[in-house]
Amino acid sequence: MSARLERSFYARDTVVAARDLLGKLLVRRIDGVALSGRIVEVEAYLGPHDLAAHSSRGRTARTAVMFGPPGYAYVYMIYGLHYCMNVVTEPEGHGAAVLLRALEPAGNIAGRTNGPALLCRALSIDRRLNGHDLLSEDFYIADAPPVPANRIASRPRIGVDYAGRWARRLLRFYEKGNSFVSRP
DNA sequence: AGGATGATATCC
DNA sequence: GATATCATCCTC
């Protein structure tokens, strides 16, 4: 069992943290059973100036977690059906986060994990985990070998066409050739 | 290409 | 208080 990432991992530049999250292990412990998957696809949301980020609407009840301290989970419901999970980055007050888009199944995973809502379903991640500390025992990200820079692809983010030029920024990162990436 | 389904932001 | 919109997924 590998070590949890510490607060300092998250309290950094969001693009750097996003790329470094590739290869790491998301772990959700339920009734003593550890569900886990290797992070293979992420998107960086940089802060209020990033028109694709939820924090661009300012600090609200919904986005409060994004503006909080790093290393916490920002989980929200989308389209009334699905949950998406983010990891808060940068120092407190910044308003940035990294969306986890796909996992490669590692342990005790049932169902697909090649999409932001699919991975939440596979790991039983829902509203109750919004604002949950990722330095906890039951929900955390564990260290694992990094994905080398030459194995990381950079693409525009998915589903943010409304964000003008921000939609074209290359802020989606995934491990090249990994078959669990949602949109290769 | 379109529908499901509910929280939320943004208007009155 | 109404309504438009949504960082998705599935079926057609």
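Please read all numbers here as calculations on a predicted model, not as lab measurements. All values below were derived from every heavy atom in this structure, side-chain atoms included, with hydrogens, water molecules and symmetry-related copies excluded.
- Using a 4.0 Å heavy-atom cutoff across all strands shown, Ala52(A) reaches at least one base atom of the nucleic acid.
- Grouping the Ile, Leu, Val, Met, Phe, Trp and Tyr side chains by contacts below 4.5 angstrom, directly or via other members, places Tyr72(A) apart from Tyr83(A).
- When only modelled atom types and interatomic distance are considered, Arg155(A) and Tyr174(A) share a side-chain donor-acceptor pair under 3.5 Å.
- Taking a cutoff of 4.0 Å between a charged side-chain nitrogen and a carboxylate oxygen, Asp133(A) and Arg7(A) qualify as a salt bridge.
- For the pair Ile109(A) and Ala122(A), the tightest heavy-atom approach, listed with the atom from each and the gap, is CG2-CB, 4.3 Å.
- A salt bridge does not link Asp143(A) with Arg4(A): every distance from a Lys NZ or Arg NE/NH1/NH2 to an Asp or Glu carboxylate oxygen is 4.0 Å or more.
- The pair Asp50(A)-Arg169(A) fails the salt-bridge criterion, with no side-chain N (NZ, NE, NH1 or NH2) lying under 4.0 Å from an Asp/Glu carboxylate O.
- Checked for salt-bridge contact, Arg29(A) and Glu137(A) miss the test: no charged N lies under 4.0 Å from a carboxylate O.
- Sorted by first and then second residue, the ring pair (Phe, Tyr, Trp, His ring centres under 6.0 Å) pairs with a member in residues 30-53 of chain A read His49(A)-Trp166(A); sequence neighbours excluded.
- Clustering of Ile, Leu, Val, Met, Phe, Trp and Tyr by side-chain heavy atoms under 4.5 Å joins Ile158(A) with none of the others.
- Residue contacts for Arg183(A): at a heavy-atom cut-off of 4.0 Å it reaches no nucleic acid atom on any strand shown.
- Taking a heavy-atom distance under 4.0 Å as the criterion, the stretch of DNA chain C touched by chain A extends 5' to 3' from dC6(C) to dC10(C).
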> According to the Watson-Crick and G-U wobble definition with distances under 3.5 Å, which dot-bracket string, read 5' to 3', encodes DNA chain B, using [ ] for crossing pairs and | for pairs with another strand?
Replying inline: ||||.||||||.
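- The shortest distance between side-chain heavy atoms of Arg62(A) and Tyr74(A) falls below 4.5 Å.
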Check the interface with nucleotides 3-5 of chain B: list each N/O to N/O pair with the protein under 3.5 Å, or write none.
residue: dT5(B); atom: O2; partner: Tyr79(A); partner atom: O; Å: 2.2

Between the protein and nucleotides 8-12 of chain B, list the N/O to N/O atom pairs that are separated by less than 3.5 angstrom.
residue: dA9(B); atom: OP1; partner: Thr60(A); partner atom: OG1; Å: 2.8
residue: dT10(B); atom: OP1; partner: Arg57(A); partner atom: NH1; Å: 3.1

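- Considering all non-hydrogen atoms of both residues, Asp161(A) and Ala167(A) come closest at CA-CB, 4.0 Å.
- Considering only heavy atoms from C-beta on, Tyr76(A) stays 4.5 Å or farther from Met66(A) through its side chain.
- Heavy-atom minimum distance, Ser182(A) versus Glu41(A): N-OE1, 2.6 Å.
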